[in-house]
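Any value given below was found using the heavy atoms of this structure, including those in side chains, with hydrogens, waters and symmetry copies removed. Numbers restart at 1 for each chain; the letters A, B, ... are given by sequence-line order, proteins then strands.
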2 protein chains.
Amino acid sequence: MKIVTWNVNSIRIRLEQVIFWLNQSPIDILCLQETKVIDPEFPRSPFEKLGYYVYSSGQKAYNGVALISSEPLKDVSVGFTPILPNIEPAWDLQKRVITGVIDSIRIVNLYVPNGSALGSDKYEFKLNWLKVLHHYLQTLLPSQPKICMCGDFNIALAAEDIYQKTNLDNHIMASEPERQALRDILDLGFADAFRKFTTEGGHYSWWDYRAGAFRRNMGWRIDHHYLTPILYEQAKSCIIDVNPRKSPQPSDHTPVILEI
Amino acid sequence: MKIVTWNVNSIRIRLEQVIFWLNQSPIDILCLQETKVIDPEFPRSPFEKLGYYVYSSGQKAYNGVALISSEPLKDVSVGFTPILPNIEPAWDLQKRVITGVIDSIRIVNLYVPNGSALGSDKYEFKLNWLKVLHHYLQTLLPSQPKICMCGDFNIALAAEDIYQKTNLDNHIMASEPERQALRDILDLGFADAFRKFTTEGGHYSWWDYRAGAFRRNMGWRIDHHYLTPILYEQAKSCIIDVNPRKSPQPSDHTPVILEI
DNA sequence: GGTGACATTG
DNA sequence: CAATGTCACC
């Protein structure tokens, strides 16, 4: 089974590229982030014509996640509140979480807040959001041993996940508090699928649109598949497909393909 | 000598098209309207590399006029106030007038206000602006027998300048008050260069972006060259080049070329 | 309705 | 640098 995560930065703008990519790369589940479209306007039919099932949780202009699946998903839910009914409903105003079950594997597709700049309100929101996510997974895990949590985490955990550059400690996506918040989540029992197969640095999933970052390979690995032990054992490969980033009007992220 | 008028609807967006057109159509003066850029940001060098001299009077986002000339122009001025020092300076807040002299011919390049809708404040502004223009030309004429006044007039004077459609009297660009205001100006001693050569209708310089107006040739002739008698006598041709309107990302106007 | 400029976000 | 919404204009 192939599970892909891809922050498309607007599904409407990227639709043709995503369909083209799907035609060349048949997969089982495609986890999209930053769809930037409300559900009634999600372009379902291009996927449905290829035989895929579409589940989306979107909003106007920002955020938005979707699951594109070769088979109908079970137990689909969006946001934190279906699993954490007692939390503040405001946590689900931004559409960043969608989950569903295929072959007894729970896919959790996430678009983790970017956090803007250290010390900003958005940074605080990111850290608190990660605490809610911790709680969410803690609640899921007892009944759900097979979880594939993937998406755009907006966090690079290790130095080798970032192109060489000094003074990254105070950089968003690399600061200690957000890394620790993510490590706390992984400590619930998740492991990084990509690092099962590839230990060296220089493999990235995101390159800033600015400053010719892609051309100079100034990238970050911030799109991840985190697996519970059974799935981690079963993982066969985890590959970053750099090609879509080379397209004329690319997303700033490129797909990451897990095979289990 | 070839004098061209072209409302480009943003010189930055249309730059490539305009340079391409100039390369195929060597001309003496290009009068641009709706440049939509302040003078320091006007893309001078692409024109200067082709040997042209650039004179611009622009503002942020709206309006803006420019003269592109194969020879240096004399006596360049922008706005009404250099000729009419006693008028309210507010008349020059919108950048709609630029003039310069080549071969003892005064080029007056105009972007007449559109007027929005009959009875609106913008309509009143258009009528009053035309009165100021009348005064401006009256002041210029005694010392300047050769005037080529051209640009986007946002007025079609005759039925044959507009595609067939009923009830145009109350339509902006065709209403009697604005037509009369323009006729009053022409009565100072100007004649329509285009109508020296072409009497039949169906020749247009502007097509609305909406409703497939260009495809259906639902156009208007609102971009004009008005000449004083000596120049009118000398006029050799006046041609509308429809081709640029067929480009992928066209201006809604197409260039009109006068040869004298 | 079809453009373009601009402000905001990432 | 590349998205979106909002606005103004035609």
Tell me: CD of B/Gln17 to C1' of C/dG4, nearest whole Å?
14 Å

Separation of D/dC9 P from B/Met173 CE (nearest whole Å):
15 Å

Let's test your reading of the model: under 3.5 Å, does the base of C/dG2 pair with the side chain of B/Arg210 as donor and acceptor?
no

Using only side-chain N and O atoms of B/Asn114, determine if any of them is under 4.0 Å from OP1 or OP2 of D/dC10.
yes

Whole-Å distance separating the CH2 atom of A/Trp220 from the P atom of C/dG10
16 Å

Hey, what's the ring geometry for B/Phe42 with B/Phe47, parallel, tilted or perpendicular (30° and 60° as the breaks)?
tilted

Other residues, nucleotides, ligands: >12 heavy atoms within 6.0 Å of B/Glu16 CD
no

Comparing A/Asn154 and B/Gln249 on DNA chain C - which has the more 5′ nearest nucleotide
B/Gln249

In whole angstroms, how far is the C1' atom of C/dT9 from the NE2 atom of A/His253?
13 Å

Please determine if a side-chain N or O atom of B/Ser116 lies less than 4.0 Å away from the OP1 or OP2 oxygen of D/dC9.
no

Which part of the nucleic acid does A/Tyr209 contact within heavy-atom distance under 4.0 Å: base, sugar-phosphate only, or nothing?
base

Over how many whole Å does the gap from A/Trp206 atom CH2 to C/dT9 atom P extend?
17 Å

Between D/dC10 and B/Tyr111, is there an OP1 or OP2 to side-chain N/O distance shorter than 4.0 Å?
yes

B/Asn9 CG to C/dG2 C1', straight-line distance once rounded to whole Å
10 Å

Between A/Lys60 and D/dT4, is there a contact of a side-chain N or O with OP1 or OP2 at under 4.0 Å?
no

Show, in sequence, the C-alpha distance, side-chain angles and deciding distance for A/Phe80 and A/Trp129, and conclude whether the ring-ring contact (aromatic ring centres under 6.0 Å, His included) test is met.
CA-CA 10 Å; A/Phe80 291 127; A/Trp129 191 93; 5.1 Å; yes

Does the side chain of B/Asn7 come within less than 4.5 Å of B/Ile222's, by heavy atoms?
no

To the nearest Å, how far apart are A/Asp208 CG and C/dG10 C1'?
8 Å

Side-chain N,O (B/Arg14) to OP1/OP2 (C/dG4) below 4.0 Å
yes

Heavy-atom check, side chain of B/Tyr226 versus side chain of B/Ile185, under 4.5 Å:
no

